[in-house]
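Before any comments, here is the structure.
In what follows, every chain begins at residue 1, and chains take the letters A, B, ... in the order their sequences are listed.
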2 protein chains.
Amino acid sequence: MDAESIAQVRRFNRTVGERIGVLHDHFLGTDRPVGEARLLWEIGAEGRDVRRLRDRLGLDSGYVSRLLRSLERDGLVTVEPQEHDRRVRTVRLTAAGRKERAVLDERSDELAELILTSLNERQRTRLTAAMAEVDRLLTAGTVSVEELDPAHPDSVACLGAYFDELSERFEEGFDAALSAVPDAGVLGPPHGVFVVARLHGEPVGCGGIHLGGDEPPYIKRMWVAKSARGLGLGRRLLAELEAYAVRSGARSVRLETNGELREAIALYRSAGYEEVPAFNDEYYAHHWFEKPLDG
Amino acid sequence: MDAESIAQVRRFNRTVGERIGVLHDHFLGTDRPVGEARLLWEIGAEGRDVRRLRDRLGLDSGYVSRLLRSLERDGLVTVEPQEHDRRVRTVRLTAAGRKERAVLDERSDELAELILTSLNERQRTRLTAAMAEVDRLLTAGTVSVEELDPAHPDSVACLGAYFDELSERFEEGFDAALSAVPDAGVLGPPHGVFVVARLHGEPVGCGGIHLGGDEPPYIKRMWVAKSARGLGLGRRLLAELEAYAVRSGARSVRLETNGELREAIALYRSAGYEEVPAFNDEYYAHHWFEKPLDG
DNA sequence: TCCATTCTCTGACTTTAGTCAGAGACTTCT
DNA sequence: AGAAGTCTCTGACTAAAGTCAGAGAATGGA
């Protein structure tokens, strides 16, 4: 790693820590300890399971419990057992809690404004653009990719979201039953692998590969959630699947795609895929690609 | 302020807070409470007065005192009365203290590396570029500009640094005695104003304007420290001085500059200054400018 | 010289933030 | 049905972080 990059990151950490970190805690924590405020914020408008809260904030279970008790005493939240599993408890904001949360929300806005007001129009535009870039790239660094059973709830959630998106984007809609690999099962072990990307624990992308005897392996169901686009995640999932193919001794990989999916096509081309004649009769495919693997 | 900018700043605050803030404290605070570590860091290689430390970190005097006592017990710092004012005490790092500080330094590097390693080469370049931009603009937002007596030590420091820089940049050197406004005093009240820019309390830029009877006011001694360039500070100082001219009822302002000072010339042109025939006999001037003020 | 002010320190506190070891209610697996 | 495991909670702690009211030394100005 070159020293100049490291020095730049350090300068950034310092400036941002001073300018935002400090202000942030001061702003949020005026009426209420920071711990409680963070918790209140993290509960969200919909309510959340206690264990999720703990995970998200990385706190001890006893500690969270105590914080919740304190918020409950102040009438800001209610804690009730979940319908289906009465061990798990769900926290929900009361009307007062929502109000308090709205105050935090406002404070966040004020802080943001405070940062922007000292700049002129042009600087402001540049700052927000640069912040968006930093935000995107830092977020990209926290996405994890793991192999998962295609039947795992998170895999199923990804595939569902993918199919929904296809229905929306294809003029004729999308029916999984017409698609050549109707059962996602073949994408999992033993003849393949299915990977899921997570951001803060939430599944935000997936992809699978199937090893088919003498034929080159076949990549399918590549998807990235709208909220996680622009992070280079598609490329990363693709690389993961190709690496698996290489480990399995494959000399090339194949995939096909629909003409509507322009970003995907661009990704495949830029990742070294070449268009080839149709190698299957996938109903929704317009383009067939193959990439040689020299690993 | 538009909502989208605010939303972007908030997203940024959140991501950065999670990714850097949290890691930062964890990294620094492994052997030593965060408070002590921050203090140790802030003392710096040269030593620092206790009250400056307090100011910089925004802490209670009793608290700082206690932290220092703890660091002293561990043999990391020495605290001694200042030469000239024995009420003020100066903290200095011992050899052991410098060693401990070097460890913190290394941790900072490691944290920076950690952030970069999860990215590929291209993303890394983009990230550091964007960070530099954010850093610059956030810093720009904390620079304050105030009117100051030209004889104030900070004004004198700026002018000294300015003259040193001119000596370096002009092939023939620079001698203030040959310059048309030899006494900076005329730039202060009652016939003018002298402004100094500060970043974290340190003077980093200056400029003065002199109202000369029937002639248009005359801007002189505009300077920005190397460490503070790229923040749009020159433009800001200029605007400040022009605003003063407007308040004084002037219809235009004038200035002259040396051909070596290319950034300055570019700034003047882009700020609306037009080159005019020489209106004085400043020894070091090559270009004379005037800008109409319609305020 | 005296008085107001500045600066740092000490003692006596409080509040936050967090850890750890169970206990008890509930689910899931066999 | 019984055992093993999950999830949340309580009690009993500790360490860190910070506040507040003086006390005491030193300084600057009238």
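If you take CZ of A:Arg51 and P of D:dG5, they are 17 Å apart, rounded to a whole angstrom. A:Leu39 places its CG atom 11 Å from the P atom of C:dA17, with the value rounded to the nearest Å. Separating the CG atom of B:Asp49 from the C1' atom of C:dC7 is a distance of 11 Å, rounded to the nearest angstrom. One interatomic measurement links the two molecules: CZ of B:Arg32 to P of D:dA17, which rounds to 12 Å at whole-angstrom precision. Across the protein-nucleic acid pair, A:Glu36 atom CD and C:dT15 atom C1' stand 11 Å apart, rounded to whole Å.
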Worked check of side chain to side chain contact (heavy atoms under 4.5 Å, CB included) between B:Leu40 and B:Glu100: CA-CA 8 Å; B:Leu40 197 59; B:Glu100 182 97 18; 3.3 Å; yes

A:Asp109 vs B:Arg10, salt bridge (charged side-chain N to carboxylate O under 4.0 Å, His left out): CA-CA, chis, key distance, verdict: CA-CA 7 Å; A:Asp109 275 354; B:Arg10 285 188 55 174; 3.0 Å; yes

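Between A:Glu147 and A:Phe194, every side-chain heavy-atom pair lies at or beyond the 4.5 Å cut-off. At least one side-chain heavy atom of B:Leu71 sits less than 4.5 Å from a side-chain heavy atom of B:Arg32.
A heavy atom lying under 4.0 Å from DNA chain C marks the following residues of residues 57-74 of chain B, by number: B:Ser61, B:Gly62, B:Ser65, B:Arg66, B:Arg69. Within residues 75-93 of chain A, the residues that place at least one heavy atom under 4.0 Å from DNA chain C are, in residue-number order, A:Asp85, A:Arg86, A:Arg87.
Counting heavy-atom neighbours within 6.0 Å of B:Arg52 CZ, excluding the residue itself, gives a total of 12 or less. Counting heavy atoms of neighbouring residues, nucleotides and ligands inside a 6.0 Å radius, atom CZ of A:Arg86 does not exceed 12 of them.
The nearest heavy atom of DNA chain C to A:Gly35 and to B:Val50 marks one nucleotide each, and the one closer to the 5' end goes with B:Val50.
Using a 4.0 Å heavy-atom criterion, one finds that B:Arg54 contacts the sugar-phosphate atoms exclusively.
In this structure, A:Phe12 and B:Phe12 have perpendicular ring planes: the angle between them is above 60°, well past the 30° mark.
Not a single salt bridge (Lys or Arg N to Asp or Glu O under 4.0 Å) links A:Arg48 to another residue, sequence neighbours left out.
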